[in-house]
Amino acid sequence: YPEELQIDRDLGGLVHTSALMKNLSPLCSQGLFGVPELSGPAGFQMAQHQALREAEFLVHKACTHPPGAVTVETFDQLSDSLCRVADLADFIKVAHPDAAFREAAERTCVEIGTVVEILNTNVDLCQSLKNLLGNEAVLATLDSDTRRVAELFMFDFEISGIHLDYSKRSKAVALNVKLLDLYHVFLSGSQLPNAIDKQVLPEHIRHCFSIDGNRVQISGLHADSPNELVREAAYKIFLYPNTSLLLCLDELLACRHELATLVGYESFAHRALKGTMAKTPGKIIRVCFALSAVFEWDSLITSKDFKMMKEMKKKTHTTNPEVMPWDHAYLSSAIRTEMFNIDPSIYSPYFSLGACMEGLNCLFTQLLGVYFQAEQPKMGELWSEDVRKLAVVHETEGVLGYIYCDFFRRLDKPHQDCHFTIRGGRLRDDGVYQLPVVVLMLSLPPPSGRTPSLLTPSMVENLFHEMGHAMHSMLGRTHYQHVTGTRCSTDFAEVPSILMEYFASDYRVLSQFARHYQTGEPLPENLVSRLCESKRVCSAADTQLQIFYAALDQVYHGKPQYRSTTDILREMQEKFYGLPYVNDTAWQLRFSHLVGYGAKYYSYLMSRAVASMVWRQCFLQDPFSRVMGERYRREMLAHGGSKEPVLMVQGMLQKTPTIEDFVDALVLDLNTNVKSSV
């Protein structure tokens, strides 16, 4: 098979289009994602101009129309007109191979973002929504989804300070603008390397780092290095405090608190958690302490992990017998290797990308009655010729939406696995449903010659994870795009994706598609059992680390502590993590999640706990159950953010989970395997 055909054989028989496209007339060319204006970088300016003109018309309509359901529909159309350009640009600015496209998309993101900030402080626009929410007679005529979306739009106004007088409102706008700058500075600084005179480092480890003249550049933790001295040096140098960045973080947290209190919240955490499953910072802290009681340093479940790490460290002829923070990741990996010898190259031949996609197709068909159908893209619709377009089709409802699969590594493409919403689903005025469009971006090895793209077990898990997000977007059938698919609370948005990881570890699922790409031999069950066992190695210590991160994030975003972020870090580490704080380090300056997940880092733990409960109660007995699959769609996937997340979980589990249930679910994951056979 020629390499270009191999890509398509690997993805399950997609017809390659590049040769066909080269023979088409330029008149047939479409823009990116089928948007005609986006056939070139300049098209972003045109698309932006059209969106802003439409937004101007919709603002006028919202402000002049009598209050009613049409008010909410107009707000949603306004949101949709801006999001259709901004969301697309948000993806293109990081993924397009052409710098001119990326730069044009970046400018559009900034321009649209500025307009959104202005709209969020438009008093007349807000008043039209107030007129609706303050009219009990009209409210009584609205369905629950419409009322919730109206309240969510009002929340957006309120957190921008719309209800304040002119002076305070101006202050809120200024704080938001300042925060955008601080976010940029902090994120940029968190990625920068630290440099040190190369004479400071022992000569025999200098080659492990980047050398620039007389300086050594340390750009990461080198956590997987087998050399203890390399790990220690990288940890201490990379995490060495940067005074200006410490001040930036102080200012960022202070601005967030000032903005939150200005608009009526006790703290930034209280503002961030409104509408989430957790609801209040107090509940998260209670969860953290409840988990900490189980995972504390001297508990049986965690002490076993640290004892194994200490024994492994002795085997490495270390000069320091104590387990240190720079040892955690390396020693955990070394223990897994010694106990189970999980070599990814043993598994990869059974996981060609085409086989994995066919496995997902089979799983979704049985669970949900949907399947993938290859789509022939138009010329100019794709940003790279190895991208594939799939339609998601329901057996009775027809096409539900489209997934663009940008799976392979390439130059200038971020090495990260992400789900991007390009267009949200909504019911249009003409009664036609606007189909959702998403991109799944992975960093898989491309096929080469006669060898297909072969995935490691972690790549398979990531593929299933991101496909969980995609199906959330596809199967949501919300009236409003403002709450479509993954546009829901952060602590619920990760549940469908994490749930898919359980399917990716179940032998009954894997056995349906995992075949050796050369011999057709099925993946041996004992390999799956070993893989599942290996994931449990040191998982209690790993969970303890996540508890520490979640607690730290909450304290940073709670009431002001009037002490340094490093002092807070030291206290939280001593309280929640079994390994000591290292003097003259500031790990918080590398905690980039503080920007995108401020006061919400706990979401990883809570989502995993919910996914664990859903898996064990609903799918463990039969991972292909159509009855449970339909319940899953009906209770959890269909609503997007149009329903309170805790109500969706209640509907699926048919009970209200308690803090004890969350804790038990995470502990069960450590003590039991994913079921590997019937």
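One-based numbering along the sequence shown.
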Side chain to side chain contact (heavy atoms under 4.5 Å, CB included) between F33 and L38, worked out: CA-CA 8 Å; F33 296 102; L38 299 184; 5.9 Å; no
Where [X] and [Y] come nearest, the two heavy atoms and their spacing:
| X | Y | answer |
| --- | --- | --- |
| F364 | M467 | CE1-CG, 3.5 Å |
| V72 | A150 | CG2-CB, 3.8 Å |
| A609 | A665 | O-CB, 3.5 Å |
| A104 | P41 | CB-O, 3.5 Å |
| F351 | L523 | CZ-CD2, 3.8 Å |

Ring geometry between Y404 and W383 (parallel below 30°, tilted from 30 to 60°, perpendicular above 60°): tilted
Parallel, tilted or perpendicular: ring planes of F153 versus H482, cut at 30 and 60 degrees: parallel
Any donor-acceptor pair under 3.5 Å from [X] side chain to [Y] backbone:
| X | Y | answer |
| --- | --- | --- |
| R423 | L435 | yes |
| S352 | A355 | yes |
| R477 | L400 | yes |
| S453 | P445 | yes |
| S497 | H469 | no |
| T421 | G424 | no |
| E630 | R626 | no |
| H639 | R634 | yes |
| K535 | S505 | no |
| K413 | F408 | yes |

Listed partners of R102 passing salt bridge (charged side-chain N to carboxylate O under 4.0 Å, His left out), at least two apart: none
Does some side-chain heavy atom of [Y] sit less than 4.5 Å from a side-chain heavy atom of [X]?
| X | Y | value |
| --- | --- | --- |
| D622 | M628 | no |
| C488 | V483 | no |
| Y502 | D669 | yes |
| V528 | C532 | yes |
| L463 | L353 | yes |
| V495 | S607 | yes |
| M441 | F420 | yes |
| S81 | L58 | yes |

S348: side chain to side chain contact (heavy atoms under 4.5 Å, CB included) partners, not counting sequence neighbours: L454, T456
Side chain to side chain contact (heavy atoms under 4.5 Å, CB included) between C83 and R487, intermediate numbers included: CA-CA 12 Å; C83 286; R487 289 177 181 162; 4.1 Å; yes
Step-by-step salt bridge (charged side-chain N to carboxylate O under 4.0 Å, His left out) determination, R530 to E533: CA-CA 5 Å; R530 286 172 55 201; E533 287 282 353; over 6 Å; no
Would you kindly say whether [X] and [Y] are connected by a side-chain donor-acceptor distance under 3.5 Å?
| X | Y | value |
| --- | --- | --- |
| Y350 | E521 | yes |
| H465 | E501 | yes |
| S612 | R616 | yes |
| Q481 | S79 | yes |

R409, CZ: over 12 other non-hydrogen atoms inside 6.0 angstrom: yes
Residues, nucleotides or ligands: over 12 heavy atoms within 6.0 Å of F155 CZ: yes
Worked verdict on F662 versus V610 for side chain to side chain contact (heavy atoms under 4.5 Å, CB included): CA-CA 7 Å; F662 287 118; V610 172; 3.6 Å; yes
Side chain to side chain contact (heavy atoms under 4.5 Å, CB included) between I112 and L52, intermediate numbers included: CA-CA 8 Å; I112 296 290; L52 295 182; 4.1 Å; yes
Electrostatic pair R515-E358, nearest N-O below 4.0 angstrom: no
Pairing of E151 and R148 as salt bridge, 4.0 angstrom limit: no
Let me confirm one number: the [atom1]-[atom2] distance from [X] to [Y], rounded to the nearest 0.5 Å.
| X | Y | atom1 | atom2 | value |
| --- | --- | --- | --- | --- |
| L653 | R631 | CG | CZ | 8.5 Å |
| L442 | M459 | CG | CE | 9.5 Å |
| M606 | T490 | CE | OG1 | 12.0 Å |
| D491 | L605 | CG | CG | 11.5 Å |
| H49 | E111 | NE2 | CD | 13.0 Å |
| D80 | D87 | CG | CG | 9.0 Å |

Partner of F503 under ring pair (Phe, Tyr, Trp, His ring centres under 6.0 Å), chosen from F464, Y632, F619: F619
Test log, rule side chain to side chain donor-acceptor pair (under 3.5 Å), inputs Q546 and Y601: CA-CA 9 Å; Q546 293 300 310; Y601 191 85; 2.9 Å; yes
For residues 88-101, run the donor-acceptor check on the side chains, cut-off 3.5 Å, and write out each pair with its distance to 0.1 Å, sequence neighbours left out.
unit_1, atom_1, unit_2, atom_2, d
D90, OD1, K93, NZ, 3.1
H96, ND1, D98, N, 3.0
D98, OD1, A100, N, 2.8

Criterion side chain to side chain donor-acceptor pair (under 3.5 Å) against Y480, the qualifying member of D76, D145, T146: T146
